[in-house]
Amino acid sequence: MKEFFGFGGYERIPEGYFSWQHLTFVSSLMLIMVCAALFFGLRNKNKTEKQKNKVLLWAAILIDGAEIFKTIILCVRSEDPLAWLYNLPLFLCSIQLIAIPLAALSSGRLKQAALDFVFIFGVLGAGM
């Protein structure tokens, strides 16, 4: 875990973007996410809109919380006292961090547009 998060510095040589280690890691994560999406989608397809919105709200809270935690860790680990000036704008540029809470807290056309936006850019981001 020390090498994964970089606490205390890195000791081994980076594998590179097209190394078998990186491709195996990314491919396995994609497979897990696709399987989880199919499983939860099929499991919850008969739920009411209120129950589905509850899941969306929890996803918004967890995703935003994880990103805020990551930003705080990046700022604490940096030796620059103004590191939050560099890290916070990157946090705010994430489409899902704004569109998922917007979809969870709105209704009607705005909710559907936000969900479509998340879906389209999620697929594009995964492909890239």
Side-chain angles (χ1 to χ4, degrees):
M1 293 308 270
K2 174 184 160 194
E3 289 289 331
F4 188 79
F5 291 107
F7 293 119
Y10 298 101
E11 295 177 1
R12 63 178 199 190
I13 299 171
E15 291 93 16
Y17 185 70
F18 286 111
S19 67
W20 69 269
Q21 294 97 331
H22 182 264
L23 292 176
T24 303
F25 181 72
V26 171
S27 299
S28 61
L29 283 181
M30 280 183 54
L31 182 65
I32 290 169
M33 290 298 116
V34 168
C35 290
L38 288 172
F39 172 74
F40 288 118
L42 292 173
R43 183 175 154 210
N44 296 320
K45 71 179 180 180
N46 297 324
K47 301 274 179 153
T48 65
E49 283 300 315
K50 187 175 181 180
Q51 290 170 324
K52 289 179 185 178
N53 197 49
K54 186 177 176 183
V55 171
L56 191 60
L57 187 60
W58 271 105
I61 291 169
L62 291 174
I63 289 172
D64 283 355
E67 286 295 322
I68 289 171
F69 178 73
K70 182 180 79 172
T71 303
I72 290 170
I73 293 297
L74 285 172
C75 292
V76 168
R77 284 184 53 205
S78 176
E79 295 176 7
D80 185 7
L82 299 176
W84 63 273
L85 286 174
Y86 310 117
N87 292 322
L88 190 60
L90 292 174
F91 166 75
L92 295 174
C93 288
S94 179
I95 293 169
Q96 272 74 359
L97 297 179
I98 296 168
I100 292 175
L102 182 65
L105 300 172
S106 63
S107 62
R109 263 181 91 183
L110 183 62
K111 179 181 187 122
Q112 193 58 43
L115 287 173
D116 291 343
F117 197 71
V118 168
F119 175 74
I120 289 168
F121 282 97
V123 170
L124 284 174
M128 292 181 93

On a heavy-atom basis, which atom in Ala99 and which in Ala114 lie closest, and how many Å separate them? O-CB, 3.7 Å
Assigning hydrophobic clusters by single linkage (Ile, Leu, Val, Met, Phe, Trp, Tyr; side-chain heavy-atom cutoff under 4.5 Å), is Leu102 placed with Val118? no
Atom pair CD1/CH2 of Ile63 and Trp58 - distance to nearest 0.5 Å: 13.0 Å
Would you kindly confirm whether Leu105 and Ile61 end up in one hydrophobic cluster when ILVMFWY residues are joined by side chain heavy atoms under 4.5 Å apart? yes
Rounding to 0.5 Å, atoms CE (Met33) and OG (Ser28) come to a distance of 10.0 Å
I'd like to know if the side chain of Glu49 pairs up with that of Asn53 as donor and acceptor (distance under 3.5 Å, no hydrogens or angles considered). no
Out of curiosity, Asn46 CG to Gln51 CD, how far, rounded to the nearest 0.5 Å? 10.5 Å
NZ (Lys52) with more than 12 external heavy atoms under 6.0 Å: yes
When clusters are formed by joining ILVMFWY residues with side-chain heavy atoms under 4.5 Å apart, either directly or through shared neighbours, do Ile120 and Phe117 land in the same one? yes
Between Arg43 and Lys47, the two heavy atoms sitting closest are O-CE, 4.4 Å
Is Leu57 reachable from Leu115 through a run of I, L, V, M, F, W or Y residues, each pair having side-chain heavy atoms under 4.5 Å apart? no
With Lys54, which residues qualify under salt bridge (Lys or Arg N to Asp or Glu O under 4.0 Å), at least two apart? none
